[in-house]
2 protein chains.
Amino acid sequence: MRTHELVLRQVEADLAAGKLRLGDRLPGERALAGELGVSRPSVREAIRVLEAMGVVRTAVGSGPDAGAVIVADPGSPLTATLRLHLATSHLPMGDIVQTRVLLESWAVREAAGRATPAQVAAARQLLDAMDEPDLPRERFHLLDAEFHVALASLADNVLVSTIMASLREAIHGYVIAAAPHVPDWAPVAALLRAQHRAVLAAVADGDGDLAAALVAEHIQGFYKASRVG
Amino acid sequence: MRTHELVLRQVEADLAAGKLRLGDRLPGERALAGELGVSRPSVREAIRVLEAMGVVRTAVGSGPDAGAVIVADPGSPLTATLRLHLATSHLPMGDIVQTRVLLESWAVREAAGRATPAQVAAARQLLDAMDEPDLPRERFHLLDAEFHVALASLADNVLVSTIMASLREAIHGYVIAAAPHVPDWAPVAALLRAQHRAVLAAVADGDGDLAAALVAEHIQGFYKASRVG
DNA sequence: GATACCTTGTGGTCTGACCACATGGCTGAC
DNA sequence: GTCAGCCATGTGGTCAGACCACAAGGTATC
């Protein structure tokens, strides 16, 4: 067992035992090294891994926010992992699109009829923002991503929402890079806007099957048109 | 930008540009540090993160397998991340079960009618192994997990398979820990075996809807009975 | 009483050293 | 000439000690 893994195991044990809770601070690197009888570099390597897994957040300086604080952010590591493996081209883009369709279809079906008017209104605000003329394309895609994540969140499952958000973020760069493949952007944007409205309306009406079908068509249509991947 | 992040960015860029491919070796830690003008500890921290993300595997010694080799293992980081966040109790078990149901239902629906006889036979072998009398319970659950992952793999989507496998592994410890809640194990095991057979039969018959319904009932029933979480 | 300063503790980084390990070539015996 | 054993080499793994940048919070000053 490498030394930094020993530190990791110890921290995980403390987390599972409740000795470390959300918002708590880890002992300082020097103190932790002393407690466990290891060197500071080993502690630092362990903290890097915890940071990469979204378990701690580090900050320099002094005060209550400084040091390594326990957080719960399963999203960032997922996003980073997906992005890296996409970069190696060992994760087919088609599989990601298929997974998105599957997750989002399920989410809107779940959300249909359950979503509160306030939630629907919040999602509609995003769509309104996307209606603005002369909206830069990059901004359009960002709002688009936000809308899809908001949709997924309506199903009230943090794991699904997290996976969705990570998928969206991980492929965002590829969507932007594929922009040249859609030279005549205006009509495409108009279609996407209309599809968004239709999906949201179906959710608000409680028609889960329709919402699921619409969202699937929307996603698959976009990727087919933009030839991402 | 912290120094180790600079190293990470560089490696990711090389991966995306194709300068680093699966199976390639990273330069040695000392060489990489020299190339990028950073210190060896910073390089090591970056490699720890890459290792945690399943992008490289390190080995000591000499020869072709030594050093940091590029691999593609999106599963381990997913599993580790899920496990850690489960440990902090900030990932509800109910959400995980729900996600399993959704992914597996989709997978068997996809697999139905498409799975080859060889694939079905391979899955059936796992079920045959689970029929063995006096099978230790731990071994039963391991085979069970293998069967479910095999089912998910039939849908031919590496992302879904990976997520499934990670979910299964991350909760395995909790399933074992919940064993005392099911004191009368024999009839439960018999029910699970029968359900497995039924699901596989539906897949082989090409009846996707039935397979999806059966697998959903199977998963939800087990968690309800064992009160995991 | 308000402001500027400085002490203190945090993570961030670097240097240089030594260890354990596995390979692969070298050396010696046969 | 062949083979077994040995050791040089290069790899990651670990450590100790030092210095820096930073931010908070107390402290001295006006």
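Atoms considered below: every heavy atom in the structure, side chains included; atoms not considered: hydrogens, waters and symmetry mates. Letters A, B, ... are given to chains in the order of the sequence lines, protein chains preceding strands, and every chain is numbered from 1.
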Scoring nucleotides 15-22 of chain C by protein non-hydrogen atoms under 4.0 Å (B base, S sugar-phosphate only, - none) yields B-BB--BB
Can a side chain N or O of T58(B) be found less than 4.0 Å away from OP1 or OP2 on dT11(D)? no
H4(B) meets the ring-ring contact (aromatic ring centres under 6.0 Å, His included) criterion, sequence neighbours left out, with none
When rounded to whole Å, the CG to P distance for the pair L26(A) and dG11(C) reads 9 Å
Does the side chain of D144(A) come within less than 4.5 Å of F140(A)'s, by heavy atoms? yes
Pick base, sugar-phosphate or nothing for R48(B), based on heavy-atom distances below 4.0 Å to the nucleic acid. sugar-phosphate
Closest to the R44(A) side chain, choosing from dG12(C), dC14(C), dG13(D): dG12(C)
Can you list everything that forms a side chain to side chain donor-acceptor pair (under 3.5 Å) with Q98(B)? Sequence neighbours excluded, please. N157(A)
Residue-level proximity of residues 3-11 of chain A to DNA chain D when a heavy atom falls under 4.0 Å: T3(A)
Which residues pass the salt bridge (Lys or Arg N to Asp or Glu O under 4.0 Å) test with E12(B), sequence neighbours left out? R83(A)
Restricting to side chain to side chain donor-acceptor pair (under 3.5 Å), what partner residues turn up for H90(B), sequence neighbours left out? none
Look at S42(B) and dC14(C) and indicate whether a side-chain polar atom (N or O) is within less than 4.0 Å of OP1 or OP2. yes
Please list, chain by chain and in numerical order, all residues satisfying salt bridge (Lys or Arg N to Asp or Glu O under 4.0 Å) with E110(B), sequence neighbours excluded. R114(B)
If you take any heavy atom closer than 4.0 Å to DNA chain C, which residues from residues 65-74 of chain B end up in contact? none
Residue pairs involving residues 148-157 of chain B (criterion salt bridge (charged side-chain N to carboxylate O under 4.0 Å, His left out); sequence neighbours excluded): none
For R2(B) and dC22(D), what is the distance between atoms CZ and C1' respectively, to the nearest whole Å? 14 Å
Whole-Å gap separating P (dT23(C)) and CZ (R25(B)): 12 Å
Rounded to whole Å, how long is the line connecting atom CD of E45(A) with atom P of dG12(D)? 12 Å
R9(A): which residues meet the salt bridge (Lys or Arg N to Asp or Glu O under 4.0 Å) condition with it, sequence neighbours left out? none
Could you check if a side-chain atom of V149(B) sits within less than 4.5 angstrom of a side-chain atom of S161(B), using non-hydrogen atoms only? no
Test salt bridge (Lys or Arg N to Asp or Glu O under 4.0 Å) applied to D131(A) - qualifying residues, sequence neighbours left out: R193(A), R197(A)
Round to a whole Å and report the spacing from CD of E29(A) to P of dA16(D). 15 Å
List the atom pairs, donor and acceptor, that lie under 3.5 Å between side-chain atoms in residues 57-71 of chain A and the rest of the protein, sequence neighbours left out.
residue : atom : partner : partner atom : Å
T58(A)  : OG1  : E51(A)  : OE2          : 2.9
T58(A)  : OG1  : R2(B)   : NH2          : 3.1

When you match G63(A) and G37(A) each to their closest nucleotide on DNA chain D, which lands nearer the 5' end? G37(A)
